[in-house]
Amino acid sequence: MEKEYIGVGVIGLGVVAGQVSKVLHEREEFLSAQLGFPLKLKKVKVLPQDMSRPLAKLLPEGVLTTDEDDFFNTPGLDIVVEAIGGEYPAFNLLSRGLKMGKCVVTSNKEVIAKHAPELVKLARENNTGLRCEASVGGGIPLISPFQYDLAANHINGIYAIINGTTNYILTRMAKEGMDFETALKQAQSLGYAEANPSNDIEGTDAVYKLAIMASINFQCKVKPEDIYREGISRLTSRDFCYADELGFNIKLLAITKPGNGQIEARVHPVFLPKDEWLAKVDGVFNAVLVEGDLVGPVLFQGQGAGALATSSAVVADVLAAAQDIHLEVGNRMRWNMDNPLGVKPMSDILTRYYLRMTVTDSPGVLALIARVLGDHNISISSVIQKETDEENLTAEIVIMTHPAKEASVQQALVELGGLDKVKDINNFVRVGI
């Protein structure tokens, strides 16, 4: 028997959840026309303090509830949308919806990154759907292309600028010569960074998103804790000056690619040649470069965050779920996570390196450094020495290496740091993808 309508419930009334409720209510006629059958906002689960929000007064009478049981037992509720963020209680709420046979839609990257196996299992057991397009890339379509449009390809690599906050900070440091703290404060003043920005600037947000992309593309389970993570707080304006002189931009990249029965999965700053696509992505924009063996390189770019962009992806998932329910399709997920691929240890990664250090301004220092690097099978591509402190008799040198193994570089840095003639290892950054 054909349903009279598809009913939607939204959990939360925050920035994203509030915008989703607003779109579902104000565009009900438009969205229903898109589907060819009625779609109705049935219930919105809020906290008591949310009842006084301006948006609460714009929603239809009787839609708001502060009671979880009342929400889940609403007659005609087919789709549950969760957009409150955080691991708990979001995971419990999504689980409850799936156990009741309701299709669930979430923008919650942390829950999907940490609990996808359990949620996928529940969805299959109850023949219902789990959709999470907005959990990666906000308004940029990524999950659906990964699962369907690019399914014929062996994915050779994914390289992503997937956090708008860090990309904005790095852009300001590169273009205006700001130091990190100044750029961060500007990002906070403009609303691009949270009051506590650690999840963004230390790479945690990007790790969650990379875990999801890697798990979906390689049909395996990549845990956030398996991913190497390094943020942007060690970068200084001097690193950007040298990067520019050498023909590079600096970006925080999330990288995953397969090889020899393992996959790489890592998040860290990277020196990118200025003529590469990702090197040109500035401000709060996100971009994901996917390399398929059939389609070649494909670039997805757009606003990766914000209420409007994220609500676009969430509502698109709602429409897709409504279509599945209307056609009695049930579960259509292509996410098995049974591939035995493991994550390659960071120590085995092979790439080039930028090294910046302060040394004594005396003969033989470079030869000493070159010997240490050579002992660890690290060859030098180029050397720059510009800054000399005549008062302290020190100089700053920058070394670019040829490809070397991460473990060797780390061992060499420890040995260099123990030399009397090396006063400080100021920074090191990986080069290229």
Side-chain angles (χ1 to χ4, degrees), residues 5-28 30-32 34-35 38-47 50 53 55-56 58-60 63-112 115-116 119 122-123 126 128-139 143-144 305-326 331 333:
Y5 60 83
I6 302 297
V8 185
V10 179
I11 300 173
L13 201 66
V15 174
V16 173
Q19 182 62 34
V20 169
S21 295
K22 186 171 184 286
V23 170
L24 289 172
H25 172 55
E26 294 183 351
R27 301 191 181 187
E28 179 181 312
F30 170 75
L31 297 175
S32 296
Q34 294 280 82
L35 288 168
L39 182 75
K40 292 184 179 296
L41 177 63
K42 292 291 292 181
K43 216 70 171 177
V44 179
K45 164 68 175 69
V46 300
L47 298 172
D50 293 330
R53 290 194 180 200
L55 178 57
L58 298 178
L59 295 176
V63 163
L64 297 179
T65 182
T66 59
D67 185 83
E68 183 180 318
D69 291 335
D70 179 43
F71 174 83
F72 278 104
N73 294 322
T74 298
L77 187 67
D78 303 294
I79 302 170
V80 171
V81 177
E82 180 275 314
I84 58 176
E87 186 175 2
Y88 297 103
F91 172 68
N92 298 330
L93 294 168
L94 290 169
S95 298
R96 181 173 181 178
L98 291 169
K99 289 175 183 177
M100 294 178 71
K102 302 181 188 301
C103 188
V104 301
V105 173
T106 180
S107 60
N108 194 321
K109 55 188 171 285
E110 184 174 0
V111 162
I112 296 298
H115 297 287
L119 295 174
L122 283 174
N126 294 280
T128 189
L130 167 67
R131 291 182 174 272
C132 56
E133 182 63 62
S135 65
V136 182
I143 303 298
S144 183
L308 292 175
T310 304
S311 70
S312 171
V314 171
V315 175
D317 269 351
V318 169
L319 296 180
Q323 190 75 52
D324 288 349
I325 295 168
H326 182 73
N331 187 311
M333 289 179 296

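Since we're looking at a predicted model, the values are computed, not measured. Atoms considered below: every heavy atom in the structure, side chains included; atoms not considered: hydrogens, waters and symmetry mates.
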What side-chain donor-acceptor pairs closer than 3.5 Å can you find for residues 15-25, not counting sequence neighbours?
residue: S21; atom: OG; partner: A17; partner atom: O; Å: 3.2
residue: K22; atom: NZ; partner: E26; partner atom: OE1; Å: 3.3

Donor-acceptor pairs under 3.5 Å, side chain of residues 307-316 to any protein atom, not counting sequence neighbours: which ones?
residue: T310; atom: OG1; partner: G306; partner atom: O; Å: 2.8
residue: S311; atom: OG; partner: A307; partner atom: O; Å: 3.1
residue: S311; atom: OG; partner: L308; partner atom: O; Å: 2.8

**Request:** Report the C-alpha separation of L59 and L41 in whole Å, then their side-chain angles, then the decisive distance to 0.1 Å, and conclude whether the side-chain contact (heavy atoms from CB on, under 4.5 Å) test is met.
**Result:** CA-CA 9 Å; L59 295 176; L41 177 63; 4.3 Å; yes
**Request:** Could you walk me through whether L94 and V80 pass side-chain contact (heavy atoms from CB on, under 4.5 Å), step by step?
**Result:** CA-CA 8 Å; L94 290 169; V80 171; 5.5 Å; no
**Request:** Report the C-alpha distance between T66 and V46 in whole Å, list the side-chain angles of each, state the deciding distance to 0.1 Å, and finish with yes or no for side-chain contact (heavy atoms from CB on, under 4.5 Å).
**Result:** CA-CA 5 Å; T66 59; V46 300; 4.0 Å; yes
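Between V44 and G12 the shortest heavy-atom distance is CG1-O, 3.6 Å. Of all heavy-atom pairs spanning C132 and D317, the tightest one is N-OD2, 3.4 Å. In this structure, G86 and V111 approach most closely via the heavy-atom pair O-CG2, 3.3 Å. Between P89 and I84 the shortest heavy-atom distance is CG-CD1, 4.2 Å. Across all their heavy atoms, S107 and A134 have their closest contact at CB-CB, 3.6 Å. Pairing each heavy atom of M100 with each of N73, the nearest pair is CE-OD1, 3.9 Å.
Evaluation of the salt bridge (Lys or Arg N to Asp or Glu O under 4.0 Å) rule for R27 yields no partner, not counting sequence neighbours. Listed by chain and residue number, R96 satisfy the side chain to side chain donor-acceptor pair (under 3.5 Å) test with D69 (two or more places apart in sequence, or in another chain). For T65, the side chain to side chain contact (heavy atoms under 4.5 Å, CB included) partners two or more places apart in sequence, or in a different chain, are K43, D67, D70, F71. In this structure A321 satisfies the side chain to side chain contact (heavy atoms under 4.5 Å, CB included) test together with I79, C103, R131, sequence neighbours excluded. Partners of E110 by side chain to side chain contact (heavy atoms under 4.5 Å, CB included), not counting sequence neighbours, listed by chain and number: E87, N108, K114, Y208. Applying the salt bridge (Lys or Arg N to Asp or Glu O under 4.0 Å) rule to D78 yields the partners K3; only residues at least two apart in sequence or on another chain are considered. A search for salt bridge (Lys or Arg N to Asp or Glu O under 4.0 Å) contacts involving K45 returns nothing, not counting sequence neighbours. K42 pairs by the salt bridge (Lys or Arg N to Asp or Glu O under 4.0 Å) definition with nothing, not counting sequence neighbours. By the side chain to side chain donor-acceptor pair (under 3.5 Å) test, S135 pairs with no residue at all, sequence neighbours left out.
For the atom pair L130 CG and L122 CG, the distance stands at 9.5 Å (nearest 0.5 Å). Rounded to the nearest 0.5 Å, atoms CG (L93) and OH (Y88) are 12.0 Å apart. The distance from the CG atom of N92 to the CD atom of E82 is 11.0 Å, given to the nearest 0.5 Å. Atom CG in L64 sits 8.0 Å away from atom CG in L55 (nearest 0.5 Å).
You'll find the side chain of V318 reaches within 4.5 Å of the side chain of L39, heavy atoms only. Taking 4.5 Å as the limit, every side-chain heavy atom of L35 sits out of range of all side-chain heavy atoms of I6.
The list of salt bridge (charged side-chain N to carboxylate O under 4.0 Å, His left out) pairs with a residue in residues 99-108, not counting sequence neighbours, is empty.
Within the 3.5 Å criterion, the main-chain N or O of V136 finds no donor-acceptor partner in the side chain of E133.
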